[in-house]
2 protein chains.
Amino acid sequence: MDISEANGRAAREAEDTSGRAAHEALAVVLQIRDSELCVLLWKRALPPHEGCWSLPGGRLRADESLGASIRRQLAQKVDVRDLSHLEQLETRSDPGRDPRRRTLATAYLGLVPAHVDPVVPDDTGWHPAADLPPMAFDHAAIVHSGRQRLRAKLSYTNVGFALAPPEFTMSELSGYYRAALGHDVAATNLRRVLLRRGQIEDTGRCVPSGRSGGRPAALFSFRERTLQITDAFAVLRPPSTSL
Amino acid sequence: MDISEANGRAAREAEDTSGRAAHEALAVVLQIRDSELCVLLWKRALPPHEGCWSLPGGRLRADESLGASIRRQLAQKVDVRDLSHLEQLETRSDPGRDPRRRTLATAYLGLVPAHVDPVVPDDTGWHPAADLPPMAFDHAAIVHSGRQRLRAKLSYTNVGFALAPPEFTMSELSGYYRAALGHDVAATNLRRVLLRRGQIEDTGRCVPSGRSGGRPAALFSFRERTLQITDAFAVLRPPSTSL
DNA sequence: CCAAAAGTGTTGGAAGTACACCCATGG
DNA sequence: CCATGGGTGTACTTCCAACACTTTTGG
């Protein structure tokens with residue numbers, strides 16, 4: 001590196017007021033409510049995008065990681081203990097994404113199991129993820145990314161644990177899968193697939209039949225409550241000799 | 001470090017209390033070289049981690065997106081036209097990841113096809129991704145993420161297009177897959193899998209046999225040179241009636 | 001006994017691996 | 001004509017969707 005380049009670099013770093021870009025953490029918090037995949041949104045009271053809905057989150061503080069930041073900020077919206085899973089999604093950096101000032105946003109995907117109904121502030125509510133209200137900034141696109149991520153992971157990980165309550169019947173579980181995937185999932189086959197993969201197990205207990213009769217449904221639970229990849233090499237798996 | 005940079009740093013750290021951190025873009029640039037998956041690294045001449053190797057990249061400027069930033073900065077290391085694919089990987093935000101000042105890093109995965117040999121600066125070189133030299137900051141972990149991402153995508157997308165030259169024989173291609181996946185891939189089956197999925201096509205041309213004889217190998221090429229998901233629903237696919 | 005819901009057995013197809021065999025070329 | 005490497009055919013396996021059939025309950 002020659003002198004002029006070194007100077008150029010120093011100058012760049014000094015003038016690098018770009019270092020001033022604000023950074024925020026956002027979360028796409030999804031929950032299956034009433035057989036529908038819903039996302040937690042917050043209604044903006046002030047411009048820009050006044051009256052539009054936006055994702056919960058906000059500024060990153062000086063000494064916290066993004067993960068810690070989104071947990072802290074979500075705590076103002078939902079009880080964080082209700083969050084069964086949280087993972088980083090993507091970082092948005094379009095210079096024009098916030099008209100006020102340059103702001104980068106790192107989005108997280110959060111999941112809340114179906115059986116809880118967290119208390120949320122008045123300006124905050126659940127909306128069908130497939131039919132969003134008018135959204136602020138690029139938040140609609142971020143919700144879309146979150147749905148895609150969940151869809152994909154349902155197929156090769158045990159992420160269902162984060163959508164389902166601790167115990168559930170197979171028809172309930174197939175309902176969660178249907179809501180998240182957007183298509184029918186046969187309970188009878190889902191049971192075999194997840195059992196073979198070792199994701200779920202029969203608790204031995206069951207649920208009494210409803211008023212209209214029917215055989216009582218067995219209760220299942222997920223074996224692990226942390227994300228596991230259960231179906232890694234869908235294709236192109238290593239040769240059997242290497243096992 | 002010169003005065004202007006010191007001033008810039010002090011200023012930045014002061015305003016850090018207002019929640020602003022520096023942001024950089026980094027890239028895990030992978031290429032198969034000599035049948036081995038390699039990553040482009042740059043040797044640090046200055047502390048911290050003097051003498052250790054780090055990922056190419058640097059500060060985000062005021063008016064560029066992260067994608068534009070990493071392209072600009074990679075241009076100083078390799079001809080960007082050699083990059084056959086670039087995608088966002090993850091954002092690292094541990095407050096202690098850079099001992100000098102708070103810095104967030106968004107990492108990208110870049111791929112360079114096997115046939116080119118970009119000119120790189122003296123302090124920059126290719127290293128086996130499976131056997132990294134001493135690495136600065138959290139860059140070793142980021143390289144690991146990049147390898148994992150490539151591995152996964154080879155199995156359900158056409159990302160092979162970004163590893164292979166425009167035309168290739170099946171044994172060459174299986175070599176790239178072997179290097180990236182870390183296990184043997186039979187050329188004969190790979191051919192059928194990728195043909196069935198419509199990822200590759202026979203160009204009609206072939207390559208003369210080597211000095212030791214053998215049947216001439218047919219030349220193939222990828223149909224698409226942008227990322228396509230070719231094997232979406234590995235499992236839990238929608239019912240056939242919904243097609 | 002009938003309706004309803006859950007669970008089991010079975011079939012068939014799709015996708016991939018493994019491997020034997022055939023083909024084309026150079027010496 | 002033989003060694004070498006590429007290509008084809010095929011058997012076998014795994015995984016899963018589909019669907020008929022059985023089981024267990026409430027009225």
Side-chain angles (χ1 to χ4, degrees), chain A residues 154-156 160 167-175 177-178 181 183-220 229-243, chain B residues 154-158 160 167-175 177-178 181 183-220 229-243:
Chain A
L154 275 175
S155 129
Y156 68 95
E167 298 195 335
F168 46 85
T169 66
M170 285 313 301
S171 40
E172 285 163 4
L173 189 63
S174 82
Y177 272 72
R178 172 168 43 250
L181 293 174
H183 62 74
D184 262 1
V185 177
T188 177
N189 287 330
L190 184 64
R191 170 202 187 102
R192 269 184 290 224
V193 168
L194 299 187
L195 278 174
R196 179 183 34 230
R197 295 184 181 174
Q199 287 191 25
I200 61 176
E201 63 190 354
D202 194 327
T203 62
R205 285 184 292 286
C206 48
V207 144
S209 4
R211 15 193 167 295
S212 62
R215 180 170 169 172
L219 281 171
F220 289 81
I229 295 176
T230 59
D231 201 51
F233 307 99
V235 287
L236 300 180
R237 61 172 148 279
S240 50
T241 55
S242 75
L243 295 180
Chain B
L154 275 174
S155 131
Y156 68 93
T157 71
N158 67 342
E167 298 195 335
F168 47 85
T169 67
M170 285 314 300
S171 41
E172 285 163 3
L173 188 63
S174 83
Y177 273 72
R178 170 166 47 249
L181 293 173
H183 63 73
D184 261 1
V185 177
T188 177
N189 287 330
L190 184 64
R191 170 204 188 99
R192 268 185 290 224
V193 168
L194 299 188
L195 278 174
R196 182 184 28 231
R197 295 184 181 173
Q199 286 191 26
I200 61 174
E201 62 189 355
D202 194 327
T203 63
R205 285 184 291 286
C206 48
V207 145
S209 4
R211 11 191 169 295
S212 61
R215 180 169 167 173
L219 280 172
F220 290 81
I229 295 177
T230 60
D231 202 49
F233 308 99
V235 287
L236 299 180
R237 58 171 149 279
S240 48
T241 54
S242 75
L243 295 180

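Naming: A, B, ... by sequence-line order, numbering from 1 per chain.
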Colleague: Could you tell me the separation between the CZ atom of A/R196 and the OG1 atom of A/T230, rounded to the nearest 0.5 Å?
Modeller: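 Output value for this atom pair is 10.5 Å.
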
Colleague: Main chain of B/T157, side chain of B/Q199: is a donor-acceptor contact present, judged purely on distance under 3.5 Å?
Modeller: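 Between the backbone of B/T157 and the side chain of B/Q199 there is a qualifying donor-acceptor contact (under 3.5 Å).
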
Colleague: Which comes earlier along DNA chain D counting from the 5' end, the contact point of A/S212 or that of B/T169, where each point is its nearest nucleotide?
Modeller: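 Residue closer to the 5' terminus by nearest nucleotide: B/T169.
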
Colleague: Using atom CG of A/L190 as one end and atom P of C/dA6 as the other, report the distance to the nearest whole Å.
Modeller: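 Between P of C/dA6 and CG of A/L190: 13 Å.
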
Colleague: First locate atom CG of A/L194, then atom CD of A/E201, and finally report the distance between them rounded to the nearest 0.5 Å.
Modeller: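 Between atom CG of A/L194 and atom CD of A/E201 there are 12.5 Å.
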
Colleague: Would you kindly give the CZ-to-C1' distance between A/R191 and C/dA5, to the nearest whole Å?
Modeller: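 These atoms are roughly 13 Å apart.
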
Colleague: Whole angstroms only, please: what is the CE-P distance between A/M170 and C/dG7?
Modeller: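 My rounded result for the distance is 8 Å.
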
Colleague: Nearest-Å distance, OH (A/Y177) to P (D/dA17)?
Modeller: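 Rounded to whole Å, this separation is 12 Å.
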
Colleague: Taking all atoms of both residues into account, what is the closest heavy-atom pair of B/I200 and B/L195, and its distance?
Modeller: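 Shortest heavy-atom contact: O-CD2, 3.5 Å.
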
Colleague: What closest approach, in Å, do A/L219 and A/D202 show between heavy atoms, and which atom pair accounts for it?
Modeller: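 Heavy atoms of A/L219 and A/D202 come nearest at O-OD1, 3.5 Å.
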
Colleague: Return the value, rounded to whole Å, for the distance between atom CD1 of B/I200 and atom P of D/dG6.
Modeller: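 From B/I200 CD1 to D/dG6 P: 14 Å.
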
Colleague: Can you check whether any acceptor in the base of C/dT8 is under 3.5 Å from a donor in the side chain of A/T188, or vice versa?
Modeller: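 Such a pair is found, so the answer is yes.
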
Colleague: Which of these nucleotides, D/dG27, D/dG6, C/dG16, is closest to any side-chain atom of B/R197?
Modeller: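 For the B/R197 side chain, the nearest candidate turns out to be C/dG16.
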
Colleague: With sugar-phosphate meaning primed atoms plus P, OP1 and OP2, does B/A218 contact a base, only sugar-phosphate, or nothing at under 4.0 Å between heavy atoms?
Modeller: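 Touches sugar-phosphate only.
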
Colleague: Kindly point out which of D/dT23, D/dA18, C/dG16 is positioned nearest to the side chain of A/R215?
Modeller: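 Of all the options, the side chain of A/R215 is nearest to D/dT23.
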
Colleague: CG of A/L195 versus P of C/dG7: gap in Å, rounded?
Modeller: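 So the two atoms are 10 Å apart, to the nearest Å.
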
Colleague: Report the distance from atom OG1 of B/T169 to atom CZ of B/R191, rounding to the nearest 0.5 Å.
Modeller: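 If we round to the nearest 0.5 Å, B/T169:OG1 and B/R191:CZ are 10.5 Å apart.
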
Colleague: Using whole Å, report how far CG of A/D202 lies from P of C/dA6.
Modeller: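 The answer, rounded to whole Å, is 14 Å.
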
Colleague: A/R192 or A/A217: which one's nearest nucleotide on DNA chain C is closer to the 5' end?
Modeller: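 Per heavy-atom nearest nucleotide, the more 5' residue is A/A217.
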
Colleague: Looking only at heavy atoms, which two atoms of A/F220 and A/T203 are closest? And how far apart?
Modeller: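 Shortest heavy-atom separation between A/F220 and A/T203 comes out as C-CG2, 3.9 Å.
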
Colleague: Which listed nucleotide (D/dG9, C/dA15, C/dA6) is nearest to the side chain of B/R196?
Modeller: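 For B/R196, the side-chain atoms sit closest to C/dA15.
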
Colleague: Using rotation axes that map the C1' atoms of four end pairs onto the next four (five pairs an end), what angle separates the end axes of the helix from C/dC1-D/dG27 to C/dG27-D/dC1, to 10°?
Modeller: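 Inter-axis angle at the termini of the helix from C/dC1-D/dG27 to C/dG27-D/dC1: 20°.
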
Colleague: Can you tell me which nucleotide in C/dT25, D/dA17, D/dC16 comes closest to the side chain of A/N189?
Modeller: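 The closest nucleotide is D/dA17.
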
Colleague: Rounded off to whole Å, could you give me the CZ-to-P distance for the B/R205 and D/dG6 pair?
Modeller: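 Nearest whole value for this atom pair: 19 Å.
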
